[in-house]
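A short write-up of the structure that comes next.
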Amino acid sequence: DVIREWFGLNQLEHQLEKQLGLNKVIVVAGNSLTQPWVKNDLGRSAVQQLKQWAEPNSVVSVAGGTTMEAVAQAMTPHPVLRTLLYVPARGGLGEKVEYQANTICSEMASRSGGQYRLLHVPDQLSKEAYASLLEDEQIKELIRIIRSARIVVHGIGEANTMATRRKASPQMLAKLKERQAVAEAFGYYFDRDGNIVYKIQTVGLRLEDIKQADHIIAVAGGEDKAEAILAFLKHGVHDCLITDEGAARQMLQYI
Ligand code: F6P
């Protein structure tokens with residue numbers, strides 16, 4: 001705590017809580033853009049927060065990405081975490097297997113001793129395939145569980161980075177640019193004001209479901225994500241942000 005005081009991290013947290021209207025902000029030292037190990041600290045902080053908020057037997061819905069992978073890595077056996085059901089927030093966003101929400105939720109469950117359910121939905125569904133998938137009883141039941149999650153843990157990405165990582169077509173990249181997308185989370189792309197400008201067609205959590213969760217933990221750091229984090233938070237679905245000093249200081253420059 002003395003070290004946190006020394007680096008002014010507590011002050012950064014309070015400043016961001018006030019300016020962004022968040023219930024809780026946690027800032028870890030460093031900048032994950034240039035110091036990759038900082039992501040592990042983000043992961044550990046997210047797990048600590050989860051331990052504080054988790055109620056026995058609740059459903060936790062988790063997103064994918066490298067930061068969420070760090071969260072999964074930081075999970076340890078724990079009396080309450082062991083009783084949780086981990087589910088992926090949404091299916092089929094075009095990530096590599098190791099960064100898919102399915103992989104991350106199974107890892108979180110196995111490291112903590114909890115249960116998990118997987119959502120098998122291919123990437124890039126046609127409208128027809130999407131509609132028939134929604135008719136499937138097992139998928140319907142799982143989607144109902146996902147939407148009932150009491151806690152949601154997710155990452156935030158920069159729009160162009162995420163579209164490129166998902167191998168978006170040049171047309172799609174042009175569309176995002178034209179619509180001035182700067183942020184991405186849960187398969188939704190947002191402009192600077194937090195408006196949704198594009199939505200990946202898949203199943204699972206919708207932004208309106210997230211609003212009914214008791215706790216929403218966004219985990220995102222790195223100086224390069226500052227604008228994206230601010231844009232996503234402007235959309236209004238927020239509660240707790242776990243970030244690093246690099247992103248925190250940059251965000252304060254923008255607001
Ligand atoms: O694709 C899943 C996802 O959670 C996105 O919604 C988010 O933009 C991204 O991963 C964050 O990834 P990373 O933590 O690797 O920057």
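The first residue of the sequence shown is numbered 1, and numbering continues consecutively from there. Atoms within a ligand are numbered from 1 in the order they appear, just like the ligands themselves. Just so it is clear, the model here is predicted, and its values are computed rather than measured.
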Under 4.0 Å, heavy atoms only, figure out whether ligand 1 is touched by the backbone of [X], its side chain, both or neither.
X      : value
Glu184 : both
Thr161 : neither
Arg166 : side chain
Phe186 : backbone

Does ligand 1 come near enough to [X] that some N or O of the ligand is less than 3.5 Å from an N or O of the residue?
X      : answer
Thr66  : yes
Ala63  : no
Ala185 : no

Only heavy atoms count here, so choose which of Leu42, Thr67, Ile156 is nearest to atom 14 (O) of ligand 1.
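Answer by nearest heavy atom: Thr67.
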Filtering Met68, His154, Arg165 for the heavy atom nearest atom 12 (O) of ligand 1 leaves Arg165
Considering non-hydrogen atoms of the protein only, which is the closest contact for atom 16 (O) of ligand 1, and what is the distance?
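The answer is Lys225 NZ, 2.6 Å.
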Does any part of the side chain of Glu141, heavy atoms only, come nearer than 4.5 Å to the side chain of Glu137, both counted from C-beta?
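Glu137 does not reach Glu141 side chain to side chain.
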Side-chain touch Val153/Val219, heavy atoms, less than 4.5 angstrom
yes
What class does the angle between the rings of Trp53 and His215 fall in, given that below 30° is parallel, 30 to 60° is tilted and above 60° is perpendicular?
parallel
Using 30° and 60° as the class boundaries, would you call the ring planes of Phe186 and Phe232 parallel, tilted or perpendicular?
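The rings of Phe186 and Phe232 sit tilted, inter-plane angle from 30° to 60°.
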Nearest 0.5 Å please: distance from the CD1 atom of Ile145 over to the NZ atom of Lys140.
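The NZ atom of Lys140 is 14.0 Å from CD1 of Ile145, to the nearest 0.5 Å.
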Only one of Lys39, Glu98, Glu95 passes side-chain hydrogen bond (donor to acceptor under 3.5 Å, both in side chains) with Thr66; say which it is.
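Among the candidates, only Lys39 passes.
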With heavy-atom distances below 4.0 Å as the criterion, list the atoms of ligand 1 near [X].
X      : result
Glu95  : 1 (O), 2 (C), 3 (C), 10 (O)
Gly64  : 2 (C), 3 (C), 4 (O), 10 (O)
Gly157 : 7 (C), 8 (O)

Between [X] and [Y], does at least one N-O distance fall below 4.0 Å, as a salt bridge requires?
X      : Y      : result
Glu178 : Lys175 : no
Arg166 : Glu184 : yes
Glu227 : Arg192 : yes

Heavy-atom gap Glu69 to ligand 1 smaller than 4.0 Å
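In this structure, Glu69 fails to qualify as a contact of ligand 1 - no heavy atom is under 4.0 Å.
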